Amino acid sequence: MSAHLNAPQRDAIHYLDGPSLVLAGAGSGKTRVITHKIAHLINACGLNPANIAAITFTNKAAKEMQERVAGLMGGRVPGGLTVCTFHALGVKIVRQEAKHCRLKPQFSILDASDTVQIVADITRDADKARSKAMQWQISGWKNAMVTPEQAAQLADNELASAAALLYAEYERTLRAYQAVDFDDLISLPVRLFDEHPEVRERWQNKLRYLLVDEYQDTNRAQYTLLRHLAGVRGAFTAVGDDDQAIYAWRGADVENLKLLQQDYPKLKVIKLEQNYRSSKRILTAANTLIANNEKLFDKRLWSEHGAGEQVTVTACRDAEHEAEWVASKINAHKFEHRTKFSDYAVLYRGNHQARLIEQQLRNQKIPYVISGGQSFFDKAEIRDLIAYLRLLMNEDDDLAFIRAITTPRRGIGAGTLEALGSYAGRRHVSLFAATFEEGAAQALNARQLEQVQEFGNFINRLQYRATREPASRLLEDLLAAIRYEAWLFEHLDPREAESKWSNVRDFVGWLGRKGDEDGKNLIELTQTIALISMLDKNDSEFDGVQLATLHASKGLEFKHVFLVGVEEGLLPHQSSIDEDKIEEERRLMYVGITRAQRSLNITWCERRKAGKEARTCEPSRFIEEMGGDVKVNDRKSNVPVSKEEGRARIANLMAMLEGRGG
DNA sequence: GCACATGAGCTTTTT
DNA sequence: GCTCATGTGC
């Protein structure tokens, strides 16, 4: 096993005398280092798996880490081993220590749109963009461990001052709902450990060795949490690459790399510079591009691979043609090289770009998977259902109460809710609790009271059953009781209702199976729902082209990569150009390039629709910065007229026939 | 007082 | 294309 490891990798794995930082270039085997180190700690050092935690930033990375650890450890993740995201670890801590955080263990986790709505509710401001900006500001403060009092001092513009005024009430509102936002999942444990040394010690003794993936993406709060957990022992390995820092917008600070050296003077720094992933031409393009950035640590990636295919740059007429070209190219390439669909990835800057790509892939009968998945939980029908689940778990969750009681419509509208809300506000109780108070009879008229209490009783009955019956049966009964399917078909056109209902079926089926597999009831499932992404389940088996944002692609690799929309204004994004944040965009491009093993195709559009108007685009400066060893495709051949498309269709058909025959 | 229909505006990246 | 915001009928 060790035979596959190079010298620096072995050093990184075997070094256990103190804190270490592994600077791992793209494709240099950093996941291999982390997973082998876990195996080493357990097998060679005799550490109990329950005392080890590997922390990642995304669910996807956590899942891959688990699979690879299992691969090293005889097919199973060792019992008790923690491999999860920062936020999932935060949830675990806050749930277990809920009373110290003044929360009940069944607190709700709010997502981005919930928190924006809370800000809007507090300000009674209909301007959603402004609410969003203020929530953004508050989130930034929380990530930087800035209190409401400090925020008031720091605020240097009108919006920030307004947000500072809101901040404290925002926090009070969350607590009143017995809810936390994503930022709390990090900052609450930090505060907990600040205030309760004995709790901190307990966790330090539980998690005796920490491995942190993508360290360059930690924000201040996450770093503080890491320090609390690592304590003076400093038993941790942080793995990161400053060239792949792409989360500054979320408060990540590459300075944390420097800070680590300051705070742990004995920090052992190990560099991994041999790239195992990409052919030389791709690696050279990546190196040449990233050389345009100021470097924090000097690092030079090299590879033993051959030169490989030339990187291609293709200009397309517009985004439709771009998508069409990519789809045709995949079909043709697959036929020619006898590859699998899952060997291909299409990467893009923004989620909205996925739509056109999806359309074209469907047109050309190419199977695909979209990673990211968050958007699935953002769909109205899924949020409807989650509102019920959240309410079952935590009846103080007023946001969930309002959404559930009004969806589907059951004769309760704004008027009723306003009356109930103002009564609940006077009594300082949740909407749900107010429903059953005697005083509610004065606040509401007889019909309103009856309807509201009927709903309350309905929820109570479900709650009673939720801890006693299998999740799948309860979900079925819930859907039947609220007549969700009928409601969808009554007020939407059949196609839309069909699609929404099918999403609901997917979600319910998935949740039910998960409950049965893990032996969890509905309440327990709901506790983790905000943090998991459902699309994690099927990607290993399914043969489809991978669609992902550049951010979501980090940590993954593909034989053949298509990087689309590489234009000024998109990559680098206009807002980054305006704010002079080009370097992070360049790193994003670097991440995209370094995903590719064998071939890299870059496309850009001469015209792109921005809202209604189509506007003329320039190729991204990054294309030039990659150096001259690229093949620029002739523009005429890129307009996929019927000939190209026809050829692709035939190729596709033949591939299908071939598959059927043997 | 409530539900439904139409229209406008918006899209950077994630937990 | 998809959500939210506002106006009209029951």
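No experiment lies behind these values; they were computed from the predicted model shown. Naming convention: chains lettered A, B, ... in sequence-line order (proteins, then strands); numbering from 1 in each chain.
Among the heavy atoms of the strands lying under 4.0 Å from A/Ser575 is at least one base atom, whether or not backbone atoms are also near. As judged by a 4.0 angstrom heavy-atom cut-off over every strand, A/Arg250 is placed among the base-contacting residues. A/Phe86 comes within 4.0 angstrom of no nucleic acid atom, judged by non-hydrogen atoms across all strands.
Rounded to an integer number of Å, the gap from NZ of A/Lys379 to C1' of C/dC2 is 9 Å. The NZ-C1' distance, from A/Lys132 to B/dT14, rounds to 13 Å in whole Å. Taking atom CZ of A/Arg362 as the reference point, atom P of C/dG1 lies 10 Å away to the nearest angstrom. Between A/Asn351 atom CG and C/dT3 atom P there is a gap of 14 Å when expressed in whole angstrom units. When rounded to the nearest whole Å, the span between CG of A/Leu185 and P of B/dT14 equals 18 Å. The distance from atom CG of A/Asp217 to atom P of B/dT14 is 12 Å, rounded to the nearest whole Å. Taking atom CG of A/Asp184 as the reference point, atom P of B/dT14 lies 21 Å away to the nearest angstrom. Rounding to whole angstrom units, CD1 of residue A/Ile246 and P of B/dT15 are separated by 11 Å.
Nearest heavy-atom pair across A/Met393 and A/Ile523 is CA-CD1, 3.8 Å. Contact between A/Asp217 and A/Ile246 at its shortest, heavy atoms only, is OD1-N, 3.4 Å.
A cation-pi contact, defined as under 6.0 Å to the ring centre and within 45° of the axis, links A/Arg250 to A/Tyr247. For A/Arg95 and A/Phe107, the positive end sits near the middle of the six-membered ring, less than 6.0 Å away and at most 45° from its axis.
Using modelled atom types, one side-chain atom of A/Arg595 and one backbone atom of A/Leu556 make a donor-acceptor pair closer than 3.5 Å.
Comparing B/dT15, B/dT13, C/dT3 by their closest approach to the side chain of A/Lys500 singles out C/dT3.
Put simply, the side chain of A/Trp501 reaches to within 4.5 Å of the side chain of A/Val504, judged on heavy atoms.
Sequence order on DNA chain B of the closest nucleotides to A/Glu585 and A/Thr58 puts A/Glu585 first from the 5' end. Toward the 5′ end of DNA chain B lies the nearest nucleotide of A/His352, the other residue of the pair A/Ala88 and A/His352 mapping further downstream.
Proximity of the aromatic rings of A/His573 and A/Trp249 is defined here by a centroid distance below 6.0 angstrom, and this criterion is not met.
Remark: ring of A/Phe182 does not overlap the six-membered base ring of B/dT14 in a stacked fashion, as centroids less than 5.5 Å apart with planes less than 30° apart are not both met.
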Distances under 3.5 Å between protein N/O atoms and the N/O atoms of nucleotides 1-4 of chain B, please, pair by pair.
from	atom 1	to	atom 2	distance (Å)
B/dC2	OP1	A/Thr416	N	3.2
B/dC2	OP1	A/Thr416	OG1	2.7
B/dC2	OP2	A/Gly415	N	2.8
B/dA3	OP1	A/Gly411	N	3.0
B/dA3	OP1	A/Ile412	N	3.4
B/dA3	OP2	A/Arg409	NH1	3.2

